[in-house]
Amino acid sequence: MPPPDTTHGDTPAKNATHGDAGAFAQHWRQLCRNPLGLFGLALVVLIVLSAVFADFIVPFDATQVMAGPRLAPPSWDHLMGTDQLGRDVFSRVIMGGQVALLVALSSLAAALSAGLILGLIAGFGPQWLDNGLLLLLDSIRAFPVIIFALAVITLLGPSLATVILVVVITTIPVYARVVRTQTQALSNNEYILAERAMGAGTGRILGVHILPNVIGPLLILASMDVPLIIALEAGLSFLGMGVRPPTPSWGTLLNDGYNYIHNSPWPVIAGGVPIILTTLGFTFLGEALRDIFDPKLRRDL
Amino acid sequence: MTQASATQPIEAPAGAVLLEVRGLSLDFGSSRGRVRALRDVSVSVPRGRIVGVVGESGCGKSTLAFAIIRLLAENAMITAGEVRLEGRDLLTLTPRQMRDIRGRRVSMIFQDPMTSLNRVLSVGQHMIDIQYRDKISQADKRRRAAEALTRVGIADAESRLRDFPHQFSGGMRQRICIAMALLVEPALLLADEPTTALDATMEVQIVGLLKALQGELGCSILFVSHHLGTVAELCDDVVVMYAGEVVERGSVRDIFKRPGHPYTQALLECDPGRIHEKTRHLPTIPGSLPDLVEVPQGCIFKDRCPHAFERCQRERPPHYPVAEGHTASCHLLDETRGNHS
Amino acid sequence: MSALLDVQSLRVRFRSLGMLRALVTRTPDPFIDAVCDVSFHMRRGETLGLVGESGSGKSTIARTVMGLTPAHAGSVRFAGDELIGLSSRDYKAYRRDMTMMFQDPVGSLSPRLTVRSLITEPLRIHGIKDRNRRAEAKRLLEMVGLGEDFAQRFPHQLSGGQARRVGVARALALGPKVIIADEPTAGLDVSVQGEVLNLLARLQEELGIAMLVITHNLNVVRHITDRMAIMYLGRFVEQGPTEEIFHRPRHPYTEALLSANPQPDPDAQLARIEIKGEVPSLMNRPQGCEFHTRCPYAREHCRQVAPGVSHAGEGHVYTCHYPLNT
């Protein structure tokens with residue numbers, strides 16, 4: 001991925017011309033006017049902070065089997081009760097959030113980078129390359145995600161890395177296609193033609209004039225994919241195909257709790273609510289960002 | 001208002017006022033505040049006449065046309081005025097009543113004939129659909145559609161009804177739009193820059209066609225354009241707009257031969273079509289449009305006007321008569337103004 | 001005197017059918033000639049107008065000369081050097097001497113760059129480091145009559161006229177010898193058109209740049225060009241000194257174009273030459289004279305035989321069997 005152009009002294013962020021109080025401040029004000037967006041942002045900040053500082057938050061070792069009460073309801077000692085092995089559910093939820101975010105962010109980062117590069121090549125490169133790449137990407141996309149995931153897990157065995165791999169491979173085509181379409185649309189703009197007429201090379205055109213216009217919508221799209229990936233990870237872990245015990249995951253939490261739902265509903269609630277909140281948070285935030293940065297996308301998506 | 005309405009009896013079919021826009025003001029909401037896009041705009045369209053609305057981009061001429069037919073963006077707010085068509089104020093109608101007006105009494109053609117037709121429907125389908133109110137057979141509708149196409153000069157209309165919009169050139173598509181607009185036999189045709197997207201030879205053909213059809217059908221046309229030559233050729237009366245206000249109105253001859261407002265004068269001078277001797281220095285209007293969020297006091301054109309004097313700074317000029325049926329909003333025309341000059 | 005830019009028998013073709021479809025439908029020649037046998041030349045400091053309606057191929061000529069569209073045949077020489085067939089790396093050297101302004105004043109400016117970055121972009125592309133970019137931007141903005149405060153603005157904060165000036169400044173950045181201006185007044189109001197044309201005329205006089213002005217607007221051509229060429233279906237139908245063509249057009253199409261220019265005068269009595277119908281498709285060009293399907297004066301001979309090039313005085317050529325005003 002070409003680095004953002006550093007030769008340009010003036011970036012849009014410095015935009016402070018006649019009365020505009022800076023692009024950032026303006027966007028911030030727009031976000032403040034959107035209560036759902038603010039709510040989403042608050043949730044996302046909360047989730048990210050709890051994941052980052054998980055080690056300091058958790059009162060107990062999430063994996064340690066304790067002698068205390070099993071399947072206990074919430075109490076001051078155990079905020080969300082304990083599970084069937086006597087482990088502290090609150091600690092497991094927090095650590096599970098860390099795992100979920102780790103999977104989501106690392107796989108998104110990998111999928112975005114790969115998708116960007118492939119999309120730029122397909123969108124700006126010669127026709128035959130575009131055709132070839134599209135064929136490849138569409139074949140991957142044509143595969144049902146769950147079947148593909150099960151196949152890969154059967155081959156490689158269930159683990160955190162396998163889950164990430166599955167997510168990366170299945171999301172690359174989505175991003176690559178978006179980038180390709182955007183790149184092609186942008187390449188037909190007169191300013192790209194003007195750049196070519198001035199003698200600008202492909203690298204410069206892609207890096208300075210196309211990438212900055214593609215990356216915004218792509219990041220918004222990605223932020224809305226976070227809950228999908230978290231749900232996928234939870235789903236696979238629920239089925240026992242994802243994160244291996246004793247590592248906590250919201251999915252395994254659900255699975256464990258599910259078996260004892262008649263004894264105690266707390267583990268299921270503790271595993272399910274974070275998934276719902278994360279989904280809501282990232283979705284609201286993504287939608288708010290989309291409305292602010294790219295009102296056109298609202299209809300396209 | 002124009003003298004035309006005062007001097008002629010209202011009952012007379014020709015010459016009587018068909019459309020009367022009075023004191024229309026319209027704002028657009030924006031992040032910077034309200035944009036006062038139209039301010040106190042009055043225009044009247046007599047029956048059987050072609051009225052041109054001319055002005056440069058940002059003068060509000062298209063907004064006026066869209067306000068008349070009430071097809072406005074969500075952030076538009078009409079703050080004052082009335083739009084009377086055959087005596088009924090269109091601004092007070094319910095959306096349902098308005099839709100009835102749109103299909104029957106008023107129709108509109110747009111700037112871009114490429115996007116005003118749906119590309120997945122055949123031309124015949126378009127033209128039959130538009131007659132949905134008429135209780136006649138499908139075959140009759142088809143026959144009427146073919147007649148309408150023939151009338152706008154499309155040869156072999158019967159078979160071309162089966163064709164799709166992309167099989168026609170830009171000029172042809174504009175002809176189809178005109179045929180559709182006239183199929184409902186409207187009393188008023190609104191034309192928003194219908195020739196702007198066309199080549200010169202096509203433009204001439206479309207202007208000729210509009211003129212001929214108007215004579216044939218007797219409808220009135222409100223023709224919005226930035227092209228002075230086209231307006232001079234087609235229209236009977238002309239309204240000149242600048243920055244959301246009507247600055248001058250009168251017959252086409254008055255406006256082009258004896259313009260009363262300094263803006264009209266400057267605009268006419270700028271048109272390179274008028275300058276027949278080769279020159280390397282073309283006239284321009286220095287300065288730029290005023291801010292329509294904080295509309296300045298006084299005359300709207302004062303900052304660019306070569307004749308502006310002290311009164312123009314503080315007082316907005318009303319419309320003064322220049323000649324019979326010809327008015328302009330400029331203090332220079334105020335005969336009672338005393339010893340200024 | 002040798003020509004600065006010399007275009008001979010230029011032909012540009014586009015594929016009209018995909019390779020597979022051409023094979024399936026057995027079309028032996030799935031191409032259209034967007035530009036056909038076009039020859040012209042420009043001397044230093046001279047302005048040539050290319051006039052034609054949409055689809056006549058005038059913008060294609062510009063793009064081919066700039067090396068953005070490959071030529072099928074013919075030659076384009078700049079100061080004696082052949083440009084057709086150069087690799088894009090070799091072409092780059094000539095892009096300092098030949099620059100192009102595109103139609104859309106705002107759309108031809110990269111939306112996320114400031115005006116300063118935009119007008120110094122050519123310096124960056126050509127790796128010119130010895131000039132101070134800030135000072136250079138100031139100098140260029142001054143040349144086109146914009147204040148230094150414009151340097152910080154973005155394209156969407158400019159009016160059409162201002163954006164056009166920025167486009168002119170960018171075209172001037174490397175001190176070119178030829179500027180190709182594609183519809184320099186497109187999308188501008190009449191009161192602003194004059195400003196841009198005056199600016200181009202002034203700069204050209206001061207800097208001695210040769211200019212190729214592509215337009216459908218005859219009013220533009222009249223005031224700023226020395227010579228003009230009229231295009232129809234990818235060919236030149238008439239070429240000569242502008243004043244001469246305005247006063248005594250030889251080709252009926254030229255005359256029709258000239259008379260299809262509505263005058264801002266309701267009493268103007270126009271001897272208008274109404275041309276019938278529509279421009280034929282490039283895919284099936286008419287036999288004989290290609291204009292005969294629309295020509296009010298066409299005779300039998302025109303339907304059969306394509307006219308050759310005739311001369312009418314100094315540098316005035318046309319292709320018509322029965323020329324006007326002789």
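All chains are named by letter (A, B, ...) in the order of the sequence lines, taking the proteins before the strands, and each is independently numbered beginning at 1.
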Where on [X] is there a heavy atom nearer than 4.5 Å to chain B: the side chain, the backbone, both, or neither?
X	result
C:R294	side chain
C:Q162	neither
C:T185	neither
C:L197	side chain

Worksheet entry | Evaluation steps, side chain to side chain contact (heavy atoms under 4.5 Å, CB included), between C:Q193 and B:L282 | CA-CA 9 Å; C:Q193 277 182 19; B:L282 294 160; over 6 Å; no

More than 12 non-hydrogen atoms from neighbouring residues, nucleotides or ligands closer than 6.0 Å to [atom1] on [X], yes or no?
X	atom1	answer
B:Q167	CD	yes
C:R15	CZ	yes
C:E314	CD	no
C:E205	CD	yes

Discussion item. Please check this pair: side chain of B:Q205 against backbone of C:I275, looking for a donor-acceptor N/O pair closer than 3.5 Å.
Written reply: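 Side chain of B:Q205 to backbone of C:I275: a pair is present.
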
Discussion item. With side chain to side chain contact (heavy atoms under 4.5 Å, CB included) as the criterion, how do B:I285 and C:E195 come out once you've worked through the C-alpha distance, each side chain's angles and the decisive distance to 0.1 Å?
Written reply: CA-CA 9 Å; B:I285 305 179; C:E195 278 180 32; over 6 Å; no

Worksheet entry | Over all atoms of both residues, closest heavy-atom pair of B:D271 and C:P264 |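 In terms of heavy atoms, the two residues are closest at OD2-CG, 3.7 Å.
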
Fill in: Residue pair B:E233 / C:P262: nearest heavy atoms and the distance that separates them
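Closest approach of B:E233 to C:P262: OE1-CB, 3.4 Å.
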
Worksheet entry | Contact winner vs chain B - C:G187, C:G160, C:A256, C:A260, heavy-atom pairs under 4.5 Å |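 That would be C:A260.
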
Worksheet item: Among C:L188, C:N219, C:N198, which residue forms the greatest number of heavy-atom pairs with chain B at distances under 4.5 Å?
Response: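 Looking at each option in turn, the highest pair count goes to C:N198.
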
Fill in: For C:S191, the option from B:P286, B:C270, B:S288 that meets side chain to side chain contact (heavy atoms under 4.5 Å, CB included)
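The residue from B:P286, B:C270, B:S288 that satisfies side chain to side chain contact (heavy atoms under 4.5 Å, CB included) with C:S191 turns out to be B:C270.
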
Fill in: side chain to side chain contact (heavy atoms under 4.5 Å, CB included) partner of C:V190, chosen from B:E269, B:H226, B:H227, B:E56
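Of all the options given, the one that passes is B:E56.
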
Separation between [atom1] of [X] and [atom2] of [Y], rounded to the nearest 0.5 Å:
X	Y	atom1	atom2	result
C:D265	B:L228	CG	CG	11.5 Å
B:L267	C:D189	CG	CG	8.5 Å
B:H281	C:I224	NE2	CD1	14.0 Å

Practice prompt. Test side chain to side chain contact (heavy atoms under 4.5 Å, CB included) on B:T284 and C:V192 and set out the steps.
Written response: CA-CA 6 Å; B:T284 61; C:V192 184; over 6 Å; no

Worksheet item: Based on non-hydrogen pairs under 4.5 Å, which of B:S169, B:G171, B:P283, B:G229 is most in contact with chain C?
Response: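 Of the candidates given, the most pairs with chain C belong to B:G229.
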
Practice prompt. Could you tell me which of B:T196, B:V252, B:T201 has the largest number of non-hydrogen atom pairs under 4.5 Å with chain C?
Written response: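 Among B:T196, B:V252, B:T201, the one with the most close pairs to chain C is B:T201.
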
